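Below is one structure, written out as structure tokens; the observations come after it.
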Amino acid sequence: MDWTVGAGLVAGLLIAVVTAPVGVSGAVFLLPVHLSVFGVPSPAITPTNLLFNVVAGPGALWRYRRDGALRGGLARRLVAGTLPGVVLGAAIRVFALPGPGVFRLLIAALLLPLGLWLCARTLVPSHRRSSVEAEPSPVVLMLLSVGVGTVGGIYGIGGGSLLGPILAARGLPMARVAPAALAATFATSLVGAAAYVVLSLVSSGDIAPDWWLGLACGLGGLIGGYLGARLQPRLPERALRLLLGTLAAVVGAMYAFQALA
């Protein structure tokens with residue numbers, strides 16, 4: 001446990017500094033670290049990632065709130081849709097999808113084309129719509145949030161890693177996307193982690209999170225998330241969009257390679 005706690009702290013900090021400015025918690029990058037480096041068993045890896053989000057989330061959110069970036073209804077609408085989805089996803093993960101193979105293929109299929117699409121739209125922009133036009137309708141936003149919440153509940157990646165690229169690719173400014181996506185990730189992770197703890201009481205196997213590792217990674221993410229959120233207003237919009245698209249594409253390609261290897 002000694003070396004894993006220290007390594008988890010450093011990993012959480014470094015990842016959160018890079019991902020917080022674009023609304024991604026960093027849990028999606030911790031998954032391969034948990035699998036390959038720390039050897040967290042499945043499905044316990046999902047609640048461990050959710051625990052990271054719960055502990056790390058307030059750092060970036062507090063900074064965004066202090067800067068006034070959480071004003072508006074986008075964050076509330078995303079949270080309202082992702083919360084029921086994450087409970088459904090937790091149940092699916094425990095009772096129907098215990099293995100990592102399907103997980104890797106699904107994440108690759110979602111993030112790789114999404115990241116490439118966002119990078120392409122940033123480098124070769126089409127007709128630029130206003131932020132009001134770019135925001136999906138309430139019905140579409142609700143369906144999207146429920147779907148993303150379900151995926152986040154199954155795999156513990158946090159909804160922001162999917163919601164962020166989708167909303168940014170539609171043309172919403174990163175100053176709105178990042179805080180709202182992180183708020184949805186924090187809320188769903190809090191509910192999802194609690195759901196896994198309850199399910200661990202009524203199911204057999206490695207379902208409860210690795211508490212020490214999740215807390216260590218989360219503490220690093222708490223510090224890194226605050227630093228990343230503080231850095232966000234100083235970065236140009238184009239650079240943020242390219243960063244988000246690149247992160248999504250890299251993660252998708254990484255999981256595709258692991259699934260096919």
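Owing to the predicted nature of the structure, the values given are computational and were not obtained by experimental measurement. We use all heavy atoms of the structure for the numbers below, so side chains are in, but hydrogens, waters and symmetry mates are not.
- One finds the NE2 atom of H34 at 9.5 Å from the OG1 atom of T4 (value rounded to the nearest 0.5 Å).
- Residue L244 comes nearest to P165 through the heavy atom pair CD2-N, 3.7 Å, listed as atom of the first residue, atom of the second, then distance.
- Scanning both residues, A184 and L78, for their nearest heavy atoms gives CB-CB, 3.9 Å.
- No donor-acceptor pair under 3.5 Å is formed between the side chain of T188 and the backbone N or O of G149.
- Taking CG of L215 as the reference point, atom CG of D210 lies at 9.0 Å (rounded to 0.5 Å).
- L242 contributes atom CG, which lies 12.0 Å from atom CG of L235 (distance to the nearest 0.5 angstrom).
- Annotation: ring-ring contact (aromatic ring centres under 6.0 Å, His included) contacts of W117 (sequence neighbours excluded): none.
- Residue L51 is not grouped with residue V191 when hydrophobic side chains (ILVMFWY) are merged at heavy-atom distances under 4.5 angstrom, including chains of intermediate members.
- Hydrophobic cluster of V139: the remaining members, joined at side-chain heavy-atom separations below 4.5 Å, are L143, listed by chain and number.
- Taking CG of L50 as the start and CD1 of I45 as the end, the distance is 11.0 Å to the nearest 0.5 Å.
- The nearest pair of heavy atoms linking L83 to V86 is O-CG1, 3.1 Å.
- Within the 4.5 Å cutoff, the side chain of L167 has heavy atoms near those of the L141 side chain.
- Tracing side-chain contacts under 4.5 Å through hydrophobic residues (I, L, V, M, F, W, Y), one reaches I166 starting from L172; they form part of the same cluster.
- A heavy-atom distance below 4.5 Å is found between the side chains of E237 and P173.
- Side chain of R241 to main chain of L118: no donor-acceptor pair is present (N/O by atom type, distance under 3.5 Å, no hydrogens or angles).
- Listed here is the closest heavy atom pair of S189 and T185: OG-O, 2.7 Å.
- Residues P21 and L240 have side chains in contact (heavy-atom distance under 4.5 Å, counting atoms from C-beta outward).
- Rounding to the nearest 0.5 angstrom, the gap separating the CG atom in L182 from the OG1 atom in T19 is 7.5 Å.
- Listed by first then second residue, pairs satisfying ring pair (Phe, Tyr, Trp, His ring centres under 6.0 Å) with a partner in residues 172-191 number zero, not counting sequence neighbours.
- With hydrophobic clusters built from ILVMFWY side chains whose heavy atoms lie under 4.5 angstrom apart, L30 shares a cluster with V37.
- Taking Ile, Leu, Val, Met, Phe, Trp and Tyr as members and joining any whose side-chain heavy atoms lie under 4.5 Å apart, directly or through other members, the hydrophobic cluster of Y226 also contains V10, L13, L14, V17, W62, I223, L227.
- Looking only at side-chain heavy atoms (C-beta outward), L243 and V18 come within less than 4.5 Å of each other.
- Closest of all the heavy-atom pairs between A60 and A229 is O-CB, 3.7 Å.
- By the 4.5 Å side-chain criterion applied to Ile, Leu, Val, Met, Phe, Trp and Tyr, L116 is assigned to a cluster that also includes L112.
- Contact check for V177 versus L163: no side-chain heavy atoms found under the 4.5 Å cut-off.
- Following chains of ILVMFWY side-chain contacts shorter than 4.5 Å, one can reach V55 starting from W211, so the two form part of one hydrophobic cluster.
- Linking ILVMFWY side-chain heavy atoms closer than 4.5 Å, directly or via other members, places L213 and L222 in two distinct hydrophobic clusters.
- Contact detail for A193 and V54: the closest heavy-atom pair is CB-CG2, 4.5 Å.
- For R230, the salt bridge (charged side-chain N to carboxylate O under 4.0 Å, His left out) criterion is met by no residue, not counting sequence neighbours.
- Taking CZ of F38 as the start and OG1 of T48 as the end, the distance is 11.0 Å to the nearest 0.5 Å.
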